[in-house]
Novice: 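The following block contains the structure, expressed as structure tokens.
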2 protein chains.
Amino acid sequence: MPRIKCTVAYDGTAFHGYQVQPNKRTVQSVIEQALSRIHKGAAVKVVASGRTDAGVHAVGQVLHFDTNITIPIEKWPIVLNSQLTEEITIQHAEQVAEDFHARFSVRGKEYRYRIYFDKVRNPFLRNYAHFSPQSLNIDKMREAALLLEGEHDFTSFCSAKTEVVDKVREIYRVEILEEDKELTISFRGNGFLYNMVRIMVGTLLEVGTEKLLPKDIKTILESKNRSAAGKTAPAHGLYLWRVDY
Amino acid sequence: MPRIKCTVAYDGTAFHGYQVQPNKRTVQSVIEQALSRIHKGAAVKVVASGRTDAGVHAVGQVLHFDTNITIPIEKWPIVLNSQLTEEITIQHAEQVAEDFHARFSVRGKEYRYRIYFDKVRNPFLRNYAHFSPQSLNIDKMREAALLLEGEHDFTSFCSAKTEVVDKVREIYRVEILEEDKELTISFRGNGFLYNMVRIMVGTLLEVGTEKLLPKDIKTILESKNRSAAGKTAPAHGLYLWRVDY
């Protein structure tokens, strides 16, 4: 059966995360329902590059599914989008080899986290960026970010709930982009543990507000203890930006 | 009683417009409820520069109310915001003379309308900008926009439902700003009739898609007939940007 790879953007605000859960509205269940309607009621299983939590957004999530329906490949986004809520958009579709797997073939991912600062909240960003009323020392955040780059055991930057055993990951690059009243932190790496980006952001914010020193990142990594790192930053500032294969 | 003038931003998505309506969640009713809590249950009447329709946003709506409560003026935004949903933010407060009136003292207003074009919809803009899948001839839209400037009888650009008799308004400037995949049309004038901005945008879009010629604007104005102009553009692209006194 031909395999289709799709790039998908979604506003995670009103979803209980990506993955199917009984009696909850999730991104995966809404996409599978749309595919099922296109397949005359037959169930279609969708595989994504990974799950995202409730409130987390995606600009470039990737998924695959198998289908017998013959629709010209460039029409797939149009056909699927016509069956989807405007909160989810299929950006692109292409046919891939049968051994392509949206999860297992991942070579790297980029996440971005948006923070804005101002005297007062911005109602238009309440679901799309984390509000920081405090001013941040961005130079120190950049210094700390450098210490996160490279191959490390990220136990300290991972939810204690995780079941994954090997917590060694490589972060290729952490970039802090400043624009107007906004900060975007981009994380590129070969893989990310549960809550890892949000804990790294929470820790970088504590460096920004000078509760922590940049060099503390080293100690936190070495301690292999979740409680050594900062708070988990809120979900709504986080975007799965891009997946590489 | 001292009079307070506030600048307010709101995301109009989930409101039934600005103005109080029985059993509907409106911006005014939510602000009046917040003020009433601050005034220990006493009703506080809020007067705004004008109403906005359901789905229409505001970046710089202005309102006033009278109060006997002595809160330092710079604390009013903090106190009010603590009682408000994150969909509404008081940006600024100042004490004004008793003869200041948020509606009657208005000298001019600016509205902005956001349009974006792309191959597919952007889920993050679904409530904040109008999606145009067609490419637009922006030069022609600019030519047409020039013909809207000046003092005209805007009967053709006004909902037939309006009760206002004098439909002469002056538009100081219509500016079309292009950026990336977005177009923002700014309208500055001494006053705007019901649906006037949305009808002007709908008409400019028909010029952009070359259903109308720029010079048709002149004929439409002269006809003094709503049906001569274009469709009313959707509410969610519209922002009350600024009010001048």
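Chain identifiers are assigned alphabetically (A, B, ...) following the order of the sequence lines, protein sequences preceding nucleic acid strands; residue numbering begins at 1 within each chain.
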Novice: Suppose we call two aromatic rings close when their centres sit under 6.0 Å apart. Are A/F124 and B/F124 close by that rule?
Specialist: no
Novice: Ignoring hydrogens and angles, tell me if any N or O in the side chain of B/T89 forms a donor-acceptor pair with the backbone of A/N122 under 3.5 Å.
Specialist: no
Novice: Name the member of B/H92, B/R126, B/K119 that forms the most heavy-atom pairs with chain A at distances under 4.5 Å.
Specialist: B/R126
Novice: What residues of residues 174-207 of chain A sit under 4.5 Å from chain B when only non-hydrogen atoms are counted?
Specialist: none
Novice: So which pairs with a foot in residues 30-43 of chain B pass salt bridge (Lys or Arg N to Asp or Glu O under 4.0 Å), sequence neighbours left out?
Specialist: none
Novice: Is it the case that more than 12 heavy atoms not belonging to B/R51 sit under 6.0 Å from its CZ atom?
Specialist: no
Novice: So which heavy atom on B/V120 is nearest to which on A/Q91, and how close?
Specialist: CG2-OE1, 3.0 Å
Novice: Quick one: what part of A/F131 sits under 4.5 Å from any heavy atom of chain B, side chain, backbone, both or neither?
Specialist: neither
Novice: For chain B, which residues from residues 3-20 of chain A have at least one heavy atom closer than 4.5 Å to it?
Specialist: A/A9, A/Y10, A/D11
Novice: Counting a contact as any heavy-atom pair under 4.5 Å apart, which residues of residues 73-88 of chain A contact chain B?
Specialist: A/N81, A/E86, A/E87, A/I88
Novice: Count the heavy atoms of every other residue, nucleotide or ligand shown that sit under 6.0 Å from CZ of A/R103, and state whether that count exceeds 12.
Specialist: no
